[in-house]
Amino acid sequence: MKQKKIEWKNFDQLTSYQKLKALGHKVCLKDAMAGEPGATRVAKYQVPMGDHMTYSYAAKEVDEEILNLLQEVADESKLTEKFAALYNGEMVNTGEKRLALHHLTRGQLGKDVIADGINKREFYVSQQKKAAEFAEEIHSGEIVNEKGEKFTTVVQIGIGGSDLGPRALYMSLENWARTLKGDGSGLKMQARFISNVDPDDAAAVLSQIDVEKTIFILVSKSGTTLETLTNEAFVKEALEEAGLDPSRHMVVVTSETSPLAGHPDYMASFYMDDYIGGRYSSTSAVGGVVLSLAFGPEVFQQILDGAAEEDLLAKNENIRENPAMLDALVGVYERNILGYNATAILPYSQALSRFPAHLQQLDMESNGKSVNRFGEAVDYKTGPVIFGEPGTNGQHSFYQLLHQGTDIVPLQFVGFRNNQMNRDVEIQGSSSQQKLNANVAAQIMAFACGKDDDDKNSFFAGGRPSSIIVGEQLTPEALGVLLAHFENKVMFQGFAWNLNSFDQEGVQLGKVLAKKVLAGETDGALEAYSQLLGIY
């Protein structure tokens with residue numbers, strides 16, 4: 001029996017959208033979260049994220065009526081059917097006429113996907129195996145430097161998704177890995193990252209490492225990324241100045257059709273393809289090579305296992321049992337009905353200090369669109385502005401605006417019951433971890449309920465919505481769950497808004513103009529700015 005073709009509609013064409021719009025702003029969060037009803041609400045409005053995390057949305061401006069309407073949005077938009085179309089290999093990237101297969105890097109959710117004449121799941125697994133074998137050869141000393149010494153450091157050279165996701169994941173587990181053994185050997189190799197074409201970035205990294213004992217990973221799908229190739233030249237020059245052969249210190253992650261593929265300048269080549277966008281590529285060879293070298297292949301596999309666990313939950317049609325889809329639709333309600341323009345990502349874990357930057361790219365590059373997947377202008381708001389910083393640092397930075405500013409900004413907290421390094425200190429009757437988590441609980445309630453005061457300068461209106469994802473500890477599995485949760489959240493929001501969340505035309509125009517500047521093909525204001533900046 002032939003499967004019925006999925007119909008893609010703009011969000012404002014949905015009957016369920018009109019119902020939501022008519023309902024408007026319904027829940028008084030200040031009342032809902034106060035006293036014993038608030039405690040009951042917290043117990044009720046939470047969803048398990050597999051065995052590792054819990055998504056709590058009690059402090060969001062929703063009730064049963066709104067949740068039922070969000071379920072109608074999910075059903076009318078056929079969100080899980082669109083997800084199935086994606087992981088079964090339908091062409092959902094309409095702008096570039098490509099598949100979107102990042103889920104296949106961590107598991108087979110549906111049928112075999114054959115593209116370019118090969119089984120894509122088998123292709124991704126083969127690259128993971130190749131990265132694992134390479135990492136084991138490095139760790140065992142089978143592959144060494146010119147002096148017969150082991151490599152101790154790995155540096156990834158890439159920009160955008162080749163940097164943000166892998167860097168965030170590495171930083172999330174660096175200290176956790178140090179605790180695996182008392183001598184610190186749980187961290188197989190330290191990792192550093194070079195991304196910015198600003199020469200100070202590469203120079204700073206090179207000044208902090210021993211290049212003789214360093215492997216450099218060049219990451220460029222096309223093999224033509226200007227910033228990345230410029231930084232590669234910077235690194236090669238440093239290696240040559242040290243009397244080293246760059247080809248014995250460099251590997252490449254690229255596509256099989258790239259001019260860099262199999263090139264003798266690299267001691268190994270690992271492959272990705274056009275079906276995985278940069279911001280979705282952390283679970284491909286883009287993240288797999290560097291993370292396998294840093295932590296060992298078994299740790300990278302644990303990240304994949306956590307992501308696969310969340311991907312399975314994302315197949316559930318019931319939003320109350322599908323945390324990513326529920327999170328997505330609550331965000332759609334906040335953006336399109338309540339009119340909130342931004343979302344703050346607030347991890348109460350120092351290890352997640354770069355995670356907001358990764359999510360910023362993931363969300364804003366995917367859903368920062370003003371046309372639908374057919375190239376037609378939309379008449380409703382799409383992706384929000386994403387920003388964030390770890391707590392409690394953020395409390396002493398931008399929380400003033402979040403509490404008392406004129407704009408309401410929804411908040412997405414992440415917290416853990418235990419720290420990573422199993423070290424703590426007790427001061428004034430409580431530990432550091434208890435103090436950290438006390439701040440999380442306090443902030444959620446302060447944002448929700450506010451504070452009455454005759455002094456208007458000390459008055460807090462409350463009604464500031466938040467959700468929190470809570471885990472026992474930030475482990476590789478929990479990190480994989482977090483990563484996939486946000487990837488799937490962004491995907492479901494793009495489906496609801498009828499966007500193509502898998503291309504990024506918005507980054508291209510500036511690149512084209514920059515090439516014109518470097519070629520001296522400028523006039524008018526572009527030439528004036530070029531002169532102002534000392535280019536020529």
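- Remark: side-chain polar atoms of Ser281 are not paired, donor with acceptor, to backbone N or O of Ser284 under 3.5 angstrom.
- In this structure, OG1 on Thr214 lies 8.5 Å from CZ on Phe151, to the nearest 0.5 angstrom.
- In this structure, Lys130 forms a cation-pi arrangement with Phe270, its terminal cationic atom sitting closer than 6.0 Å to the ring centre and no more than 45° off the ring axis.
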Hey, can you pull the donor-acceptor pairs under 3.5 Å for the side chains in residues 302-312, sequence neighbours left out?
| residue | atom | partner | partner atom | Å |
| --- | --- | --- | --- | --- |
| Asp305 | OD1 | Gln301 | NE2 | 2.9 |
| Glu309 | OE1 | His52 | ND1 | 2.8 |
| Glu309 | OE2 | Asp51 | N | 3.1 |
| Glu310 | OE1 | Asn488 | ND2 | 2.7 |
| Asp311 | OD1 | Arg106 | NH2 | 3.4 |
| Asp311 | OD1 | Asn488 | ND2 | 3.0 |
| Asp311 | OD2 | Arg106 | NE | 2.7 |

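- Between Gly107 and Arg121 the shortest heavy-atom distance is N-NH1, 3.3 Å.
- Looking only at atom types and distance, the side chain of His249 has no donor-acceptor partner in the side chain of Glu212 under 3.5 Å away.
- Residues His358 and Phe486 keep their aromatic ring centres 6.0 Å or farther apart.
- The aromatic rings of Phe447 and Phe413 lie tilted to each other, with the angle between the two planes from 30° to 60°.
- The distance from the CG atom of Leu169 to the CZ atom of Phe295 is 8.5 Å, given to the nearest 0.5 Å.
- Gln190 and Thr153 are linked by a side-chain donor-acceptor pair at a separation below 3.5 angstrom, with hydrogens and angles left out of the test.
- With hydrogens and angles disregarded, no donor-acceptor distance shorter than 3.5 Å links the side chain of Asn422 to the backbone of Thr179.
- For Asn418 and Glu472, the side-chain atoms include at least one donor-acceptor pair closer than 3.5 Å.
- Between Glu96 and Arg98 there is a salt bridge, with a side-chain nitrogen of the basic residue lying less than 4.0 Å from a carboxylate oxygen of the acidic one.
- Counting only distance, with no hydrogens or angles, the side chain of Gln420 and the backbone of Leu474 share a donor-acceptor pair below 3.5 Å.
- Of the residues listed (Asp273, Asn119, Thr105), the one engaging Tyr124 in a side chain to side chain donor-acceptor pair (under 3.5 Å) is Asp273, and it is the only one.
- Salt bridge status for Glu232 with Lys236: present, with a side-chain N to carboxylate O gap under 4.0 Å.
- Counting only N and O atoms by type, the side chains of Asn393 and Glu389 include no donor and acceptor under 3.5 Å apart.
- Between the side chain of Asn419 and the backbone N or O of Arg423, at least one donor-acceptor pair lies under 3.5 Å.
- Between the side chain of Ser397 and the backbone N or O of Gly394 there is no donor-acceptor pair closer than 3.5 Å.
- Annotation: the span from Ser56 atom OG to Ile444 atom CD1 amounts to 6.5 Å, rounded to 0.5 Å.
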- Message: Please determine whether side-chain hydrogen bond (donor to acceptor under 3.5 Å, both in side chains) holds for the pair Asn439 and Gln395, giving the CA-CA distance in whole Å, both sets of side-chain angles, and the decisive distance to 0.1 Å.
- Response: CA-CA 9 Å; Asn439 273 276; Gln395 292 175 204; 3.0 Å; yes

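- By the 30° and 60° cut-offs, the orientation of the rings of Tyr87 relative to Phe83 is perpendicular.
- Ring-plane geometry between His102 and Phe502 is classed as tilted, the angle between the planes lying from 30 to 60 degrees on a 0 to 90 degree scale.
- A cation-pi contact, defined as under 6.0 Å to the ring centre and within 45° of the axis, links Lys120 to Phe123.
- Looking at Val251 and Phe216, their side chains never come closer than 4.5 Å, going by heavy atoms from C-beta outward.
- Side-chain atoms of Gln493 come within 3.5 Å of backbone atoms of Ala328 as a donor-acceptor pair (strictly under, hydrogens ignored).
- There is a side-chain donor-acceptor pair under 3.5 Å between Tyr280 and Ser366.
- Side-chain contact between Ile345 and Phe387: absent, with no pair of heavy atoms (C-beta onward) separated by less than 4.5 Å.
- Atom OG1 in Thr392 sits 9.0 Å away from atom CD in Gln350 (nearest 0.5 Å).
- Of all non-hydrogen atoms in Ile386 and Gln360, the two that sit nearest each other are O-NE2, 2.7 Å.
- Closest of all the heavy-atom pairs between Asn322 and Val47 is N-CG1, 4.4 Å.
- More than 12 heavy atoms of other residues, nucleotides or ligands lie within 6.0 Å of CZ in Arg417, so this atom counts as buried by the packing criterion.
- The heavy-atom pair separating Arg192 from Val205 by the smallest distance is CB-CG1, 3.9 Å.
- When all heavy atoms are compared, the tightest approach of Leu352 to Ser172 is CD2-OG, 3.3 Å.
- With hydrogens and angles ignored, the 3.5 Å screen pairs a side-chain donor or acceptor of Ser530 with a backbone N or O of Leu526.
- Considering every non-hydrogen atom in both Pro384 and Thr343, the closest pair reads CG-OG1, 3.9 Å.
- With Ile217 as reference, Leu293 is the one residue of Val252, Leu293, Ile157 to meet the side-chain contact (heavy atoms from CB on, under 4.5 Å) rule.
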